[in-house]
Amino acid sequence: MRVSRLMLVTLRDDPAEAEIVSHKLLLRAGYTRRISSGIYAYLPLLWRVLQKISQIVREEMNATGALEVLLPQLQPADLWERSGRWAGYTAGEGIMFHLTDRQGREQGLGPTHEEVITALAADLIRSYRQLPVNLYQIQTKFRDEIRPRFGLMRGREFIMKDAYSFHADEASLRQTYAEMDGAYRRIFARCGLRTVAVEADSGAIGGSASQEFMVTAEAGEDLVLASADARYAANQERAVSLASEAVPLGPDPCQQLATPGQTSIEALAAAHGFDPSQIVKVLLLAARFADGTVQPVLVSLRGDQQLNEVKLANAITAVLADHGGLLEVAPLDGALVQSWKLGVSLDAIPFGYLGPNLDDATLKIATLTNVQVGISGAPSPKPEVTPRLKRQFLRLADPTALELQRFVCGANKKDSHRVGASWADLGPLPQTVDLRAAQPGDRCLHDPSQQLEATRGIEVGHIFQLGRKYSQALEATFTNEAGQEEALWMGCYGIGVSRLAQAAVEQNHDANGICWPLAIAPFAVIVVIASLNEPLQVELAERLYGELQAAGVEVLLDDRDERAGVKFKDADLIGIPFRVVVGRGAASGQIELVSRLGGERQDLAADDLLPHLMQRIAAESPVTTPAHP
RNA sequence: CGGGGCGUGGCGCAGCUUGGUAGCGCGGGUGCUUUGGGAGCACUAGGUCGCAGGUUCGAAUCCUGUCGCCCCGACCA
């Protein structure tokens, strides 16, 4: 390809719209343009990169025996209603773009494809003899992200590889899951990325085991907690650790303590010399479900620990599985009562002095006159369904709180705490669930001498063992060896292809621009004609360009009538791994070869270029994974 | 959605506080000179100052509304 024909537009200044370096470079180097928030055009150079990545993904997926397909992006609502995800994905903070077609049928633009693929599996898979199978596709996904960010990093339209496997039993699922783990490691390594595999929360997709692949980068949106011995790594939302030892509380009998105005752990600890680990803090929240159910939740945590909201949401979902799906969890306060139109009075609730045994009766139904509806200027009501508030708290407690023999907690009375309370004093025990957020510096479970360290990561891949959640909902069954109908076991496996491209830039750049890993570079080589006014240079460059092309090398020829400096700057900016400069030495058949990464340069006879480059390229290319038998 | 910020030639910005007929750098075009790390000189094209109202003799500037974009939080490949 000739640069003069490439529609290459590079920018000298950083665009105002970009914040992180990879986004700036992709814009400056002419790889992409924003069309609207979270929607980007893939320009010719970027499209080549995306094709390169896709091809690597394809080769590694095919090598595991997976089958490539292409599924519809426009998906009927009823499919999503059958899996129970329509409401959650479209209402409230849902991320599915959706529309009504001319027949009045509701459709969604696919943010993911579990529903479609499971419906297909139900149709196509009849017998255990067909199993296992693994289907994948590489296509554009649509997600109306709450906050699109950082260019291709979090777009509302992006390219994803998603795969779905079907199995006769859990052991087979585990095996394919392990194969995908291996394939993913090879994919990211071949793309030239440094990644770390971490335990992850399975989120809205559902299911049991899941693992994320993080490109380590400062600009990453995720916090990874890992031990220095590399034996444990997890996303912070999932991470577990050992809490520090609590400071024991003295043996004095339980008594009330006047604590006027001391509504925070800090104030309470400061005023009476308590250690925060001696206090049980109680949080009041409310969980809203798709069917309108609103469940008040009381969470007990040790005072020095923080709540992990992802763990909390998972716990609530596990306890209340049959309300159409959890939509939202938020602190229950006056503002929430109003915005969710709960029709409840919180006047009897002594905020700041809550104990784990707060009486259900404190949830008082407000009289109608207190239900403020239709106040001008008030936000429009969010719930699409009439809320039905449960009158009993769901009581949850983190083990760190339950392990305390004696502790300080709110007395459920304004300006008053209990000191020396024990769980026996407080009635029935709350349900025990891990709810605390692991923190950097915490000791590790596998080896308490190890500490968790924080790094930031960009999630480029995620693999899940889904189990039978979707196959049961969508009645995707097969006949097992014994002749009985059984729901399929499922796994799903995603790679953010367009995100990966930007993550690669985030990890591979310098002050002059992008330094693409050879395997995903849009071109391997750029031949720069130093001066178009020198016929010898032009002639030699054209000859080399032709030879490289004939040899199958992906090569750019910078034939623009620009000064050499401009062309060097652009070559660095767009990040082509090898630069061949045809300049002063052309008369004596000498050219210069410059490596983008590291910048080392060497003079070569023009005739030696091709064999030399072929050898360099081969040296950097990994062995191709053999095809699946 | 809550909080913060920004919309002025293609790009990056100034001007706005204190209203007076729009400017700088880069980029584009033409010519001459230059020619190995984003050249110099000259000429030139290009802007209803996001949009809609309002105040005013007069609005980029003040007021109201609205749309768009970016950043911080909840969502995720």
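Proteins get letters first, then strands, A, B, ... in listed order; numbering begins at 1 in each. Both backbone and side-chain heavy atoms feed into the values below; hydrogens, waters and symmetry mates do not.
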Can you check the distance between [N] and [M], where both ends of the measurement are the [atom1] atom (answer in whole Å)?
{"N": "B:C16", "M": "B:G23", "atom1": "C1'", "result": "14 Å"}
{"N": "B:G15", "M": "B:G7", "atom1": "C1'", "result": "15 Å"}
{"N": "B:U56", "M": "B:C63", "atom1": "P", "result": "16 Å"}
{"N": "B:C71", "M": "B:G54", "atom1": "P", "result": "36 Å"}
{"N": "B:C43", "M": "B:A52", "atom1": "P", "result": "36 Å"}
{"N": "B:G20", "M": "B:G5", "atom1": "C1'", "result": "30 Å"}
{"N": "B:C72", "M": "B:G53", "atom1": "C1'", "result": "33 Å"}
{"N": "B:A74", "M": "B:G12", "atom1": "C1'", "result": "34 Å"}

For the base of B:G37, is there a side-chain donor-acceptor partner from A:Asp572 under 3.5 Å away? yes

Check A:Glu60 with A:Arg185, please: is the shortest side-chain N to carboxylate O separation under 4.0 Å? no

Taking only N and O in the side chain of [X], is any of them less than 4.0 Å away from OP1 or OP2 of [N]?
{"X": "A:Arg143", "N": "B:C76", "value": "no"}
{"X": "A:Arg147", "N": "B:G73", "value": "yes"}
{"X": "A:Arg149", "N": "B:C72", "value": "yes"}

Just jot down the side chain to side chain donor-acceptor pair (under 3.5 Å) partners of A:Lys24, sequence neighbours excluded, or say none. none

Report the residues that fulfil side chain to side chain donor-acceptor pair (under 3.5 Å) with A:His323, sequence neighbours left out, ordered by chain and then residue number.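 Residues passing side chain to side chain donor-acceptor pair (under 3.5 Å) with A:His323: A:Asp291, A:Thr293.
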
When both hydrogen-bonding distances must be under 3.5 Å and the geometry is Watson-Crick or G-U wobble, what is [N] paired with, if anything?
{"N": "B:C49", "value": "none"}
{"N": "B:C1", "value": "B:G73"}
{"N": "B:U18", "value": "none"}
{"N": "B:A42", "value": "B:U30"}
{"N": "B:G9", "value": "none"}

Base, sugar-phosphate, or nothing: which does [X] touch, judged by heavy atoms less than 4.0 Å apart?
{"X": "A:Tyr184", "result": "nothing"}
{"X": "A:Glu592", "result": "base"}
{"X": "A:Asn512", "result": "nothing"}
{"X": "A:Arg579", "result": "base"}
{"X": "A:Glu17", "result": "sugar-phosphate"}
{"X": "A:Ile159", "result": "nothing"}
{"X": "A:Gly513", "result": "nothing"}
{"X": "A:Ala16", "result": "sugar-phosphate"}
{"X": "A:Gly583", "result": "base"}

Between A:Ala18 and A:Gly494, which is nearer to the 5' end of RNA chain B once each is assigned its nearest nucleotide?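 Residue closer to the 5' terminus by nearest nucleotide: A:Ala18.
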
Starting at the 5' end of RNA chain B, which residue's closest nucleotide do you reach first, A:Val581 or A:Glu145?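 Residue closer to the 5' terminus by nearest nucleotide: A:Val581.
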
Does the side chain of [X] pick up a donor-acceptor pair with the side chain of [Y] at under 3.5 Å?
{"X": "A:Glu179", "Y": "A:Thr64", "answer": "no"}
{"X": "A:Glu157", "Y": "A:Thr140", "answer": "no"}
{"X": "A:Asp181", "Y": "A:Gln211", "answer": "yes"}

Considering only side-chain heavy atoms of [X], which listed nucleotide, [options], is closest?
{"X": "A:Val310", "options": "B:U35, B:A39, B:C75", "answer": "B:C75"}
{"X": "A:Arg601", "options": "B:G37, B:A39, B:C75", "answer": "B:G37"}
{"X": "A:Arg584", "options": "B:A77, B:A39, B:G36", "answer": "B:G36"}

Interface residues of residues 29-48 of chain A with RNA chain B (non-hydrogen, below 4.0 angstrom): A:Arg34, A:Ser36, A:Ser37

Residues of residues 212-224 of chain A with any non-hydrogen atom less than 4.0 angstrom from an atom of RNA chain B: list those, numerically ordered, please. A:Asp222

Please collect all salt bridge (Lys or Arg N to Asp or Glu O under 4.0 Å) contacts where either partner lies in residues 490-515 of chain A, sequence neighbours excluded, each pair once.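 Listed by first then second residue: A:Asp510-A:Arg596.
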
Pair listing, salt bridge (Lys or Arg N to Asp or Glu O under 4.0 Å) test, anchored in residues 209-220 of chain A, at least two apart: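 Residue pairs with at least one partner in residues 209-220 of chain A: there are none.
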
Going by 5.5 Å between centroids and 30° between planes, is there a stack of A:Phe568 over B:G36?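 One would not call A:Phe568 stacked on the B:G36 base.
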
Gap between atoms [atom1] and [atom2], on [X] and [N] respectively (whole Å):
{"X": "A:Arg154", "N": "B:A77", "atom1": "CZ", "atom2": "C1'", "result": "9 Å"}
{"X": "A:Asp558", "N": "B:G37", "atom1": "CG", "atom2": "C1'", "result": "13 Å"}
{"X": "A:Asp510", "N": "B:G37", "atom1": "CG", "atom2": "P", "result": "18 Å"}
{"X": "A:Phe188", "N": "B:A77", "atom1": "CZ", "atom2": "C1'", "result": "9 Å"}
{"X": "A:Glu562", "N": "B:G28", "atom1": "CD", "atom2": "C1'", "result": "12 Å"}

Taking side chain to side chain contact (heavy atoms under 4.5 Å, CB included) as the test, write out the residues that go with A:Leu307, two or more places apart. A:Leu283, A:Val299, A:Leu301, A:Glu309, A:Leu312, A:Leu435

A:Thr317: side chain to side chain contact (heavy atoms under 4.5 Å, CB included) partners, not counting sequence neighbours: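 Per chain and number, A:Thr317 pairs via side chain to side chain contact (heavy atoms under 4.5 Å, CB included) with A:Leu326.
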
Quick one: which protein N/O atoms are closer than 3.5 Å to N/O atoms of nucleotides 22-26 of chain B? Pair and distance per line, please.
residue, atom, partner, partner atom, Å
B:C26, O3', A:Arg12, NH1, 2.9

From A:Glu114 CD over to A:Tyr470 OH, what is the distance, rounded to the nearest 0.5 angstrom? 4.5 Å

Working to the nearest 0.5 Å, report the span between CZ of A:Arg456 and CD of A:Gln236.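 Result: 9.0 Å between the selected atoms.
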
Listed by chain and number, what are the salt bridge (Lys or Arg N to Asp or Glu O under 4.0 Å) partners of A:Asp434, not counting sequence neighbours?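 A:Asp434 satisfies salt bridge (Lys or Arg N to Asp or Glu O under 4.0 Å) with A:Lys311 once adjacent residues are dropped.
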
Could you pull out all residues at least two apart from A:Glu17 that satisfy salt bridge (Lys or Arg N to Asp or Glu O under 4.0 Å)? A:Arg34

Donor-acceptor pairs under 3.5 angstrom involving side-chain atoms of residues 566-577 of chain A: please list them, not counting sequence neighbours.
residue, atom, partner, partner atom, Å
A:Lys567, NZ, A:Ile529, O, 2.7
A:Lys567, NZ, A:Arg560, O, 2.7
A:Asp570, OD1, A:Thr10, OG1, 2.9
A:Asp570, OD2, A:Arg560, NH1, 3.1
A:Asp570, OD2, A:Arg560, NH2, 3.0
A:Asp572, OD1, A:Arg579, NH1, 3.4

